> 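Structure below; questions to follow.
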Amino acid sequence: MNHQLIDPQGRQISYLRVSVTDRCNFRCFYCYTNEEPVLGDKNLLNDDDLIKLINVFEKLGINKIRLTGGEPLLRKNLVKLVQRISSIDSIHLIGLTTNGYLLKDKIQPLIDAGLNRLNISLDTLKRDVFKTLTGQDGLDRVLEAIGIAEKSGAFPFVKVNTLLIKGFNETEVNDFANWALKRKIDLRFIEFMPTGCGNWEERKMIPESDLREMLNLDLVPDYENEDVHSPARSYRVEGYPCRISFISAMSRSFCKLCNRLRLTSDGRLIGCLFGSKDIDLKPLLTENLPIDEIVDYVQKTIAIEGFRQIPLEKGAIYQHSMKSIGG
Ligand code: SAM
Ligand code: SF4
């Protein structure tokens, strides 16, 4: 029997973002607070449970999985997990969002295991600023990892996520653009969003319109590779291999075409970043319910009015902590 996940607003879901740990080796001030408890490894879904749930979602029409965190490379046996996911029939796209610190030695094993999409977060090209932001003297190794990923040719683009914050890194906008131009990199500028961690300030948010004025570039929409479900709007610069994208959750709503769900590392399914509702799937695993029963349960949950938020016109306050759901 063929199942599909369609919410009450008619949006079909095909993409699941999975946080594999809420631990992190960085301390980015916009994301990390000491007040927020860390779940720790004993509350994590183990690999078998995670694979069981991904099988459930595959039966419901999910074909893309992204592993995120916390820092996903802190999870033990991540390469093996990727390998197990890639052997699930209809999962064609497997992505990773990472801060890049532990990446360089893992790139080839991850590619061999089936990873075919890669996003690396990088907010500054200055060594001292990087150290102050993250708590690690790690700029060189992140840049090295980006270079290795780019050279591997395994990814359509290596995506670099750059969160812009006024008074912190906006003076680097054109340095980033110049750095990316000659590379096969998709440089994605992200608007600063209010999240559950509470460190957001409106005055520090740089709207896409201001950012475009700051950039000295002639941007041409990249219609050819457009993914209508992606929150990013992408552009090319004639004569260069790079792509420049904007993820502007505060200036523009992308709810109407949202095709994604999120799973936390302890097994909570989140229908929407802007809603506070989640359901705990862990008890279904503890009871060892057969896959078909979990499939029914998830399908009924998606149909509950309000589990997936009604499309919003504009950015609102995210209810969840980025560190636990991974963006
Ligand atoms: N640790 C990994 C990393 O940094 O790529 C994965 C998790 S991190 C939460 C995923 C993304 O969320 C990062 O690119 C980060 O910049 C972004 N992020 C965190 N807090 C944010 C905020 N308040 N507004 C916008 N993006 C945010
Ligand atoms: Fe920074 Fe990602 Fe860690 Fe958050 S989860 S503190 S964004 S590296």
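Numbering of ligands and ligand atoms starts at 1, following listing order. These figures come from a predicted structure and were not determined experimentally.
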> Is D48 salt-bridged to R84, going by a charged N under 4.0 Å from an acidic O?
yes
> Just to be sure I read this right, does ligand 1 sit under 4.0 Å from the backbone of L163, its side chain, both, or neither, counting only heavy atoms?
side chain
> So, C31 and atom 4 (Fe) of ligand 2: N/O/S under 2.8 Å, yes or no?
yes
> Could you please spell out the steps behind the salt bridge (charged side-chain N to carboxylate O under 4.0 Å, His left out) verdict for R75 and D47?
CA-CA 10 Å; R75 174 140 179 154; D47 286 4; 2.5 Å; yes
> Enumerate the atoms of ligand 2 whose separation from the nearest heavy atom of N99 is less than 4.0 angstrom.
8 (S)
> Under 3.5 Å, sequence neighbours excluded: what are the donor-acceptor pairs made by side chains of residues 129-138?
| from | atom 1 | to | atom 2 | distance (Å) |
| --- | --- | --- | --- | --- |
| T132 | OG1 | D128 | O | 2.9 |
| T134 | OG1 | F130 | O | 2.9 |
| T134 | OG1 | Q136 | N | 3.0 |
| T134 | OG1 | Q136 | O | 3.1 |
| Q136 | OE1 | Y101 | OH | 3.3 |
| Q136 | NE2 | N25 | O | 2.9 |
| D137 | OD1 | R127 | NE | 2.9 |
| D137 | OD2 | R127 | NH2 | 2.7 |

> Nearest to atom 11 (C) of ligand 1 by heavy atom, S19, S121, C31, P72: which?
S121
> Per the salt bridge (charged side-chain N to carboxylate O under 4.0 Å, His left out) rule, what does the pair list look like for residues 280-298, sequence neighbours excluded?
none
> By number and element, which atoms of ligand 1 are closer than 4.0 Å to a non-hydrogen atom of T68?
6 (C), 7 (C)
> Going by the closest heavy atom to atom 22 (C) of ligand 1, which one wins out of R66, M193, E191?
M193
> Record the part of C28 in heavy-atom contact with ligand 2 below 4.0 Å; permitted values are side chain, backbone, both and neither.
both
> Which of these, P194, A249, G70, G100, has its nearest heavy atom closest to atom 1 (N) of ligand 1?
G70
> For N161, take its heavy atoms, then give the atoms of ligand 1 lying under 4.0 Å from any of them.
14 (O)
> Under 4.0 Å from a heavy atom of E71: which atoms of ligand 1 are those, numbered in the order shown and with their elements?
1 (N), 2 (C)
> Taking atom NZ of K159 as the centre, report whether more than 12 heavy atoms of other residues, nucleotides or ligands fall under 6.0 Å from it.
yes
> Looking at ligand 1, is there an atom of it that comes within less than 4.0 Å of some heavy atom belonging to F192?
yes
> Does T98 approach ligand 1 within less than 4.0 angstrom via side chain, backbone, both or neither, non-hydrogen atoms only?
backbone
> Atom SG in C242, atom CG in L187: separation rounded to 0.5 Å?
7.5 Å
> Please test Y235 against F246 for ring pair (Phe, Tyr, Trp, His ring centres under 6.0 Å), starting from the C-alpha separation and ending with a verdict.
CA-CA 9 Å; Y235 298 82; F246 302 94; 5.7 Å; yes
> Does K204 count as lying over the ring of F192, i.e. NZ or CZ under 6.0 Å from the six-ring centre, within 45 degrees of the axis?
no
